[in-house]
Protein chains: 2
Amino acid sequence: MTSDSSGHTSDDADANPLGPTITIGELAARSGLATSALRFYEKEGLLASTRTRGGQRRYARSSLRRVAFVRAAQELGLTLGEIREALASLPDGRTPTKHDWQRLSRGFRATLDARIMGLVRLRDRLDGCIGCGCLSMKSCALYNAGDRAAKRGAGARYLIGDPDVG
Amino acid sequence: MTSDSSGHTSDDADANPLGPTITIGELAARSGLATSALRFYEKEGLLASTRTRGGQRRYARSSLRRVAFVRAAQELGLTLGEIREALASLPDGRTPTKHDWQRLSRGFRATLDARIMGLVRLRDRLDGCIGCGCLSMKSCALYNAGDRAAKRGAGARYLIGDPDVG
DNA sequence: TCTTGACTTGAAGTCAACTTCAAGTTGCAG
DNA sequence: CTGCAACTTGAAGTTGACTTCAAGTCAAGA
């Protein structure tokens with residue numbers, strides 16, 4: 001995300017083609033993350049910065065949005081690797097536009113929907129569970145926790161296979 | 001990942017006041033967890049077992065439910081420490097009853113509800129975001145990601161503070 | 001009894017996502 | 001120009017949740 005075509009001038013202080021920039025400390029304060037986390041994200045390829053002549057990082061203001069996306073996606077349970085992949089759909093050489101973010105948001109929303117639906121299903125099953133005392137129901141909330149077992153191994157593993165178990 | 005096939009339910013070695021028991025291998029197969037994970041849970045106080053004369057673990061069938069609860073709670077984002085605390089409300093000396101599990105389920109459901117509501121709120125904000133292009137909205141989905149920032153530090157941190165940022 | 005797969009232990013290793021540290025440099029206010 | 005907070009780096013440490021390993025023991029079918 002470097003180099004904008006429009007040569008924004010600048011006096012010495014902000015001699016940056018991206019326009020006004022912020023320091024890592026300010027980005028940290030505004031995003032609620034530690035500076036160490038931001039440096040870590042940079043090392044991991046989630047975030048980019050330009051440097052001053054002295055070597056200090058300077059971030060475009062759009063980095064705030066980027067960081068915000070990372071945090072929101074993490075809340076959803078995505079790993080940094082997955083988030084990096086998602087962010088890869090943003091343009092590399094220019095500041096992301098409205099449409100770039102819209103595209104990303106839509107994909108994000110799909111993941112969100114899936115996550116919500118999973119939890120709602122779990123809740124529904126738990127409801128049945130409470131109703132029946134959870135001890136003899138074939139469709140107990142805990143009967144088949146699905147997702148993780150599925151990810152981990154073979155087909156449907158049953159977490160609780162025996163009715164009237166105690 | 002999971003060690004191989006059927007551990008046997010022990011038949012005869014069941015001079016056990018808790019009734020029929022299963023081996024760690026069987027518990028693993030049925031729960032979708034590795035035996036190492038089950039041993040780890042035991043070390044962490046989340047799970048208990050009796051032992052055969054030879055020192056092998058034997059689990060009551062109710063352990064299946066317990067393990068299932070652990071997994072479901074983890075899905076929700078609880079740490080093992082928090083889960084251990086929740087499980088502490090189950091009786092120590094006897095097999096949990098229907099009512100024991102009902103009580104636990106209700107608390108669990110509250111957490112589930114909270115989590116779902118949080119995600120739904122995030123989704124709503126994201127909707128607004130997509131509608132407006134996410135570039136000048138004060139109530140952008142990413143504008144204030146709330147939870148984590150709140151946990152981490154002072155009051156409301158704004159993740160994206162500047163409209164028309166890019 | 002023999003065999004073989006399942007089991008035992010404690011210690012060490014792994015992975016993600018950071019944080020902490022040490023020692024030195026930069027940049028801005030005064 | 002000085003002072004000092006904020007910045008730089010790479011390496012090592014931390015936490016949570018396990019997994020892997022080595023070296024041996026147990027249990028159940030033939």
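Just so it is clear: chains get the letters A, B, ... in the order the sequence lines come, proteins before strands, and each one is counted from 1. As a basis for the values below, the full set of heavy atoms in this structure was taken, side chains included, without hydrogen atoms, waters or symmetry mates. Remember, predicted model here, so these are calculated numbers, not experimental data.
Taking the side chain of B:Ala34 as heavy atoms from C-beta on, and the options C:dA17, D:dT19, D:dA27, the nearest nucleotide is D:dT19. Nearest nucleotide to the side chain of A:Thr79, out of D:dC18, C:dA17, C:dC18: C:dA17. Distances from the side chain of A:Gln56 to the nucleotides D:dA6, C:dA6, D:dC18 place D:dA6 closest. The listed nucleotides are D:dC26, C:dC7, D:dC18; the one nearest the side chain of B:Thr23 is C:dC7.
For A:Thr35, the side chain to side chain donor-acceptor pair (under 3.5 Å) criterion is met by A:Arg39, not counting sequence neighbours. Partners of A:Thr52 by side chain to side chain donor-acceptor pair (under 3.5 Å), not counting sequence neighbours: none found.
Per the geometry, CD belonging to A:Glu85 stands 14 Å off P belonging to C:dA16, to the nearest Å. Spacing between atom CD of A:Glu44 and atom C1' of C:dA17 amounts to 8 Å, rounded to whole angstrom units. Between the CG atom of A:Leu38 and the P atom of D:dC7 there is a distance of 10 Å, rounded to whole Å.
Nearer to the 5' terminus of DNA chain C, by closest-nucleotide assignment, is the contact made by A:Leu78 (compared with the other of A:Thr52 and A:Leu78). Looking at which nucleotide of DNA chain C each of A:Gly54 and A:Thr35 is closest to, the 5′-most match is held by A:Thr35.
The side chain of B:Ser36 places no N or O atom within less than 4.0 Å of a non-bridging phosphate oxygen (OP1 or OP2) of D:dT20. OP1 and OP2 of D:dA17 both lie 4.0 Å or more from every side-chain N or O belonging to B:Tyr41.
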Find every protein N or O atom lying less than 3.5 Å from an N or O atom of nucleotides 9-12 of chain D, and list the pairs.
| unit_1 | atom_1 | unit_2 | atom_2 | d |
| --- | --- | --- | --- | --- |
| D:dT9 | OP1 | A:Arg51 | NH1 | 3.1 |
| D:dT9 | OP1 | A:Arg51 | NH2 | 3.1 |
| D:dT9 | OP2 | A:Arg57 | NH1 | 2.8 |
| D:dT9 | OP2 | A:Arg57 | NH2 | 2.7 |

